[in-house]
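First up is the structure itself, then whatever we jot down about it.
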Amino acid sequence: MSILGTRVVRPEDPRLLTAGGTYTDDLRLPDLAGAARVTFVRSPVAHARVTAIDTEAARDAPGVVAVLTAADLDDLPPGDGSATAEPLLAANRVRHVGEAVAIVVTEGGYQGEDAAELVSVDYEPLPAVASISDALDGGPLLFDGTESNVAAAGGEPPTATELPSFELLAMETPTKVNPLGVKGIGEAVTIGATPAALSAVVDAVAHLGVRHIDMPATPLRVWTAISEAGASA
Amino acid sequence: VKVTMTVNGAEVSAEVEDRLLLVHFLREVAGLTATNVGCDTSSCGACTVLLDLESVKSCTVLAAQADGHQLVTAEGLAGPDGQMHPVQRAFRAEHGLQCGFCTPGMVLAAVSLLRENPHPSEAEVRAGLEGNLCRCTGYHNIVRAVLAAASDQEAAEPGAAEPAASRPAALVPAASGSAARDTEPEGVP
C-alpha cells in the first residue's frame, strides 16, 4: 500500500499520549542524580543601567552552591563580537524585561527561587523602545556603537514594517520570571497581518453567528461559515 | 506536611514542603513526568491533571490541597491492557498532536470536558479548551479529535470514557456502575 493519499498515523503518538515525551526537565539519567538547579535573576524593566548587584545575602541562603554575575563570566568569549551582541549576563545595562542579570545555582529548585529573591539589583531606568514604530522613529539607542535600533530592513521578503498599520492590543503582563519577559505564551517575532485580517473577516460576520473561519478565508469558506451559523441558530 | 493521595489508582504518600506545587509532587515525588510545566503562571494548561475527575492546572494547586484526593495523569488514562482511552485514540487518529508537550494536559482537559458535556458542539469544544494552549498543530485537529471522541463515546459502552485508573471504586462513591452514566443525558445507552 502506498502512503500517498492514505492517512498515516504516527508511531510516536501512543508514547506521547500515554507516557509523555522526554523533555529536558523529564530526564532522569544516572549522571543527573544530585544535579544542581539553575535559577535566573531577570530584569523587571525594559531598559536600565545596572548600577549595583549585591549577591551576598543570596550566597548565604540555604542550598546555594553559587551565585554568578557578569563579573564572574569575564573569561568567557563575548558573544559574536558584533555591536549588538547580547551578553550572557547583563553587565551594566539591561535591554529587555526578562534579561538575565544573575545565575543562582542551588541544590533544589525552590531554594533557587528563594535565593534569587535575595539578589539585590539596582536599576537606573532609561527610556525604553517598546514598538517597531518607535524603533523606526529613532529613540534612545539600545546598543552603543550602532546608528539606529533597526537591525535589518527592506529587500525581499516583505517585512512587518511594510504592512498596513494595525492597531495592536498588548495583553501581556511584563514579568521577570521567564526569558520572554511576558506572562503567558507569546511570539518573539510574529507578523500579525494574516491573523489580523482573518479576525477582521470573522468580526465582520460575527453578528451572523460566525465564530470561526478556517484559513484561508476564501469566499466559499466565508459563505459556508455564514450558512452553517444561520442553520444552527 | 504529610500528604497522601491516590495517583492513577496507586497511593502515594510523602512528607513535603507546605508550598510544594501539585505538579512538582507528581513529577518529582510520584515520578510521573508526562505532566509538563509550560508557563508557570496557569496560562497554558500543559500541567492539567484530573483531581477527583475534574481538570485542574496542577501548577496552581498545592500538593497539600490534593491531600486525600484522587489524581489522574496522562499515564493513568490507558487501560491495564495498554488500550488507550477513547480521547487518546481520537487524538492519534485525528493528528491532534505534534511535539506532544501540551498533549497530556490537552487530553485530560478534553476528558473532563466530555464528562461535563458528552455531546459538545464545535464551539463548546473550543470554549472548553480555551485554557489549554498548543504551539504546533494549531487547534483544528485537536477540536476534531475531541468531537470524534465524543461520537466514539456514544457508541462505546458506558464507562469507557472513564479514565482507566479511576475505574477502581474509589472515584465512584458507592456506585457499582460508571460515573459516566450519571452525566449522560436521558436516552443514551
Is the shortest heavy-atom distance from the side chain of [X] to the side chain of [Y] under 4.5 Å?
X	Y	result
Leu16(A)	Thr103(B)	no
Asp25(A)	Val37(B)	no
Phe91(B)	Asp13(A)	no

(request) Could you check Thr18(A) against His85(B) for side chain to side chain contact (heavy atoms under 4.5 Å, CB included), going step by step and ending with a plain yes or no? (result) CA-CA 9 Å; Thr18(A) 60; His85(B) 185 274; over 6 Å; no
(request) Tell me, for Glu94(B) versus chain A, whether the close heavy atoms (under 4.5 Å) come from the side chain, the backbone, both or neither. (result) both
(request) Under 4.5 Å heavy-atom distance to chain A, tell me which part of Leu32(B) shows up: side chain, backbone, both or neither. (result) neither
(message) Quick check on the interface: out of Arg27(B), Arg89(B), Glu75(B), who has the most heavy-atom pairs with chain A under 4.5 Å?
(response) Arg27(B)
(request) Against chain B, label Tyr110(A) side chain, backbone, both or neither, depending on which of its atoms sit under 4.5 Å from a heavy atom there. (result) both
(request) Sort by residue number and list every member of residues 26-38 of chain A having a non-hydrogen atom under 4.5 Å from chain B. (result) Asp26(A), Arg28(A)
Between [atom1] on residue [X] and [atom2] on residue [Y], distance to nearest 0.5 Å:
X	Y	atom1	atom2	result
Glu122(B)	His212(A)	CD	NE2	6.5 Å
Arg10(A)	Gln98(B)	CZ	CD	6.5 Å
Leu17(A)	Met84(B)	CG	CE	5.5 Å

(message) Tell me whether Arg19(B) is salt-bridged to Asp114(A), with the criterion being a basic N under 4.0 Å from an acidic carboxylate O.
(response)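 Yes, charged N to carboxylate O under 4.0 Å.
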